[in-house]
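Step one of this worksheet: look at the structure below.
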Amino acid sequence: MAHRPKSKTGKAERASFFGAKIAASRQHEGEEPAQDGGDPGPQEHSFSPRSSPTQSAEDQPLTVRGMRSLMSEFSDTIQKNMQLQIQAMTADLQKDIQDIGTRTAQMESKMDEYAEAHNSLADKLQEFEVSLEAHRLKLADIEDRARRNNLRFRGIPETVTNDELHNYLSDMFQCLVPEIHPDQLIIDRAHRLRRPKHLPQTAERDVIARIHFFHAKDKLMRVSRNSGMPKEYSTIKIFADLSADTLQFRKSMSPITSILREHNLSYRWGFPAKLLVSHQGAIHSITNTKQGIQKMGDWGLPTPTPEPAKTTAMPRKSPEWTVK
């Protein structure tokens with residue numbers, strides 16, 4: 001297997017570099033004068049005899065003093081280069097840190113503006129929520145007032161057609177309140193409602209009827225609730241016709257009304273949607289479950305489990321930065 005000749009270029013360059021450094025070192029050192037005017041003796045710490053005058057500086061042997069001078073020069077050069085590089089890197093880092101600080105200050109200033117604008121929107125949203133709730137209650141009250149003369153009947157057989165509803169209801173009213181003259185039991189209109197999806201197809205649809213006189217409607221409700229229905233109409237139940245919001249409110253108040261019934265406290269429903277409770281000769285108005293639970297505690301009654309607190313859709317933000 002043939003061997004490739006080694007390249008002499010790198011060796012020649014290193015020899016030239018070190019030769020120049022050695023020659024400069026020797027010129028700097030010079031020759032020491034001889035004792036008593038004699039010939040100069042051999043130099044201390046030399047590795048070889050003094051070279052002849054005709055020998056070039058590159059071929060002269062390297063002395064310990066020259067080596068020390070050369071190493072000192074290398075060390076100074078490396079140290080200077082490292083200091084220059086460190087200074088340049090430090091300057092770059094200081095500039096980057098200053099730029100980051102400037103950008104951070106700008107971001108904090110912008111965040112303060114955004115937090116202030118966000119909090120302003122959050123406050124407005126809370127005001128709109130309160131206003132919306134008030135309008136919702138007002139609309140529910142208007143709807144309930146429009147339905148105040150209506151009665152909802154559940155359990156009327158499907159064999160009774162729409163054309164027969166008026167006569168069927170008139171006969172039932174005469175059985176419930178015979179003391180009221182038929183002229184006071186006028187039915188303005190009556191019709192069946194849609195069957196809810198969760199009920200089977202065989203279930204009877206509810207019937208809505210509007211009674212012309214409110215006092216007659218109110219008497220029918222009280223008699224059916226207190227005395228019960230006649231035997232021939234025992235499967236029929238009578239309810240007030242209320243809006244969906246009012247029904248939802250009454251459903252949310254069911255834990256409180258159950259406690260009131262257990263302790264024989266009378267109550268009734270008011271409008272707009274509220275619960276009127278009679279306690280120690282006074283009428284107390286309850287408009288929400290939180291207020292009802294507080295009343296129960298004040299009266300020494302068991303308190304139901306409170307509902308989870310509602311969180312606003314847009315909470316306020318603090319302009320201060322926090323680290324989690």
Side-chain angles (χ1 to χ4, degrees), residues 122-155 176-177 196 198 206 211 214-229 234-316 318:
D123 294 340
K124 288 294 184 182
L125 179 60
Q126 187 174 5
E127 294 177 4
F128 289 150
E129 288 178 348
V130 173
S131 177
L132 179 62
E133 181 66 14
H135 284 81
R136 186 185 65 81
L137 294 176
K138 185 66 174 178
L139 182 61
D141 181 52
I142 294 174
E143 186 176 354
D144 289 332
R145 290 182 182 276
R147 299 184 181 199
R148 66 195 305 264
N149 281 39
N150 292 355
L151 286 176
R152 181 188 288 259
F153 300 89
R154 183 168 299 169
L176 279 173
V177 286
H198 66 277
D206 291 353
I211 313 304
F214 178 78
H215 71 277
K217 174 256 182 183
D218 189 57
K219 184 68 176 292
L220 288 169
M221 282 289 299
R222 285 189 285 105
V223 170
S224 64
R225 187 172 300 169
N226 299 329
S227 303
M229 299 293 291
S234 59
T235 58
I236 299 175
K237 296 180 180 179
I238 302 178
F239 303 95
D241 185 28
L242 301 172
S243 64
D245 286 337
T246 301
L247 291 175
Q248 181 62 34
F249 169 76
R250 294 190 178 186
K251 182 179 179 181
S252 66
M253 299 296 288
S254 59
I256 295 175
T257 56
S258 62
I259 294 175
L260 294 176
R261 288 192 298 270
E262 291 175 1
H263 292 79
N264 298 322
L265 292 176
S266 61
Y267 68 89
R268 61 186 177 88
W269 299 106
F271 296 94
K274 58 187 173 182
L275 182 64
L276 302 176
V277 183
S278 177
H279 182 261
Q280 295 182 353
I283 301 298
H284 301 268
S285 176
I286 300 175
T287 57
N288 53 65
T289 55
K290 182 179 179 180
Q291 186 181 7
I293 293 173
Q294 184 178 358
K295 291 288 186 182
M296 298 293 103
D298 296 340
W299 298 338
L301 300 178
T303 56
T305 304
E307 296 180 352
K310 294 182 179 180
T311 57
T312 180
M314 185 181 293
R316 292 176 60 86
S318 173

- [ ] Using side-chain contact (heavy atoms from CB on, under 4.5 Å) as the criterion, list what pairs up with T235, not counting sequence neighbours.
- [x] none
Task: Contacts of type side-chain contact (heavy atoms from CB on, under 4.5 Å), residue S266, not counting sequence neighbours - done: S278
TODO: Kindly write out the residues that satisfy salt bridge (Lys or Arg N to Asp or Glu O under 4.0 Å) with D206, not counting sequence neighbours, or none if the list is empty.
DONE: R152, R154
Task: Separation of K274 NZ from R268 CZ (nearest 0.5 Å) - done: 8.5 Å
Task: Set of side-chain hydrogen bond (donor to acceptor under 3.5 Å, both in side chains) partners for R222, sequence neighbours left out - done: D218
- [ ] Take K237 and F239, measure what side chain to side chain contact (heavy atoms under 4.5 Å, CB included) needs, and give me the verdict at the end.
- [x] CA-CA 7 Å; K237 296 180 180 179; F239 303 95; 3.6 Å; yes
Open item on the list: Donor-acceptor pair, distance only, cut-off 3.5 Å: does the side chain of Q291 make one with the backbone of S285?
Closed with: yes
Task: Where G228 and L176 come nearest, the two heavy atoms and their spacing - done: O-CD2, 4.1 Å
Open item on the list: Please find the pair of heavy atoms, one from P302 and one from I259, that lie closest to each other, and give the distance.
Closed with: O-CD1, 3.1 Å
- [ ] Enter the distance from T303:OG1 to D298:CG here, rounded to the nearest 0.5 Å.
- [x] 11.0 Å
Task: Contacts of type ring pair (Phe, Tyr, Trp, His ring centres under 6.0 Å), residue W299, not counting sequence neighbours - done: H279, H284
Open item on the list: L220 vs V177, test: side chain to side chain contact (heavy atoms under 4.5 Å, CB included). Steps then yes/no.
Closed with: CA-CA 7 Å; L220 288 169; V177 286; 3.5 Å; yes
TODO: Identify, with sequence neighbours excluded, every residue that meets side-chain hydrogen bond (donor to acceptor under 3.5 Å, both in side chains) alongside K295.
DONE: none
Open item on the list: The criterion is side-chain contact (heavy atoms from CB on, under 4.5 Å); which residues satisfy it with D144, sequence neighbours excluded?
Closed with: L242, S243, T246, F271
Open item on the list: The criterion is side-chain hydrogen bond (donor to acceptor under 3.5 Å, both in side chains); which residues satisfy it with D241, sequence neighbours excluded?
Closed with: R147, N150
Task: Which atom of I236 lies closest to which atom of M229, heavy atoms considered - done: O-CG, 3.4 Å
- [ ] Look up atom CG in L260 and atom CG in L301, then write down how far apart they are to the nearest 0.5 Å.
- [x] 7.0 Å
Task: Least distance between heavy atoms, P304 atom then I256 atom - done: CG-CG1, 4.3 Å
Task: Over 12 non-hydrogen atoms of neighbours within 6.0 angstrom of CZ in R145 - done: no
TODO: Just jot down the salt bridge (Lys or Arg N to Asp or Glu O under 4.0 Å) partners of R225, sequence neighbours excluded, or say none.
DONE: none
Task: Test log, rule side chain to side chain contact (heavy atoms under 4.5 Å, CB included), inputs W269 and R250 - done: CA-CA 9 Å; W269 299 106; R250 294 190 178 186; 3.1 Å; yes
- [ ] Decide side chain to side chain contact (heavy atoms under 4.5 Å, CB included) for E133 and V130; before the verdict, give the C-alpha distance in whole Å, the side-chain angles of both, and the deciding distance to 0.1 Å.
- [x] CA-CA 5 Å; E133 181 66 14; V130 173; 5.8 Å; no
Open item on the list: For H198, give me all partners under side-chain hydrogen bond (donor to acceptor under 3.5 Å, both in side chains), at least two apart in sequence or on another chain.
Closed with: none
Task: K217: partners by side-chain contact (heavy atoms from CB on, under 4.5 Å), with sequence neighbours left out - done: L151, I211, F214, M221
- [ ] Taking all non-hydrogen atoms of both residues into account, name the closest pair between L276 and I283 and its distance.
- [x] CB-CG2, 4.1 Å
Task: Atom of D245, atom of A140 and distance for their closest heavy-atom approach - done: CB-CB, 3.9 Å
TODO: Please check if the side chain of S131 supplies one atom and the backbone of E127 the other of a donor-acceptor pair under 3.5 Å.
DONE: no
TODO: Tell me, yes or no, whether the heavy-atom count around H135 atom NE2, taken from other residues, nucleotides or ligands under 6.0 Å, exceeds 12.
DONE: no
Open item on the list: Enumerate the side-chain hydrogen bond (donor to acceptor under 3.5 Å, both in side chains) contacts for residues 253-263, please, sequence neighbours excluded, ordered by first and then second residue.
Closed with: R261-Y267
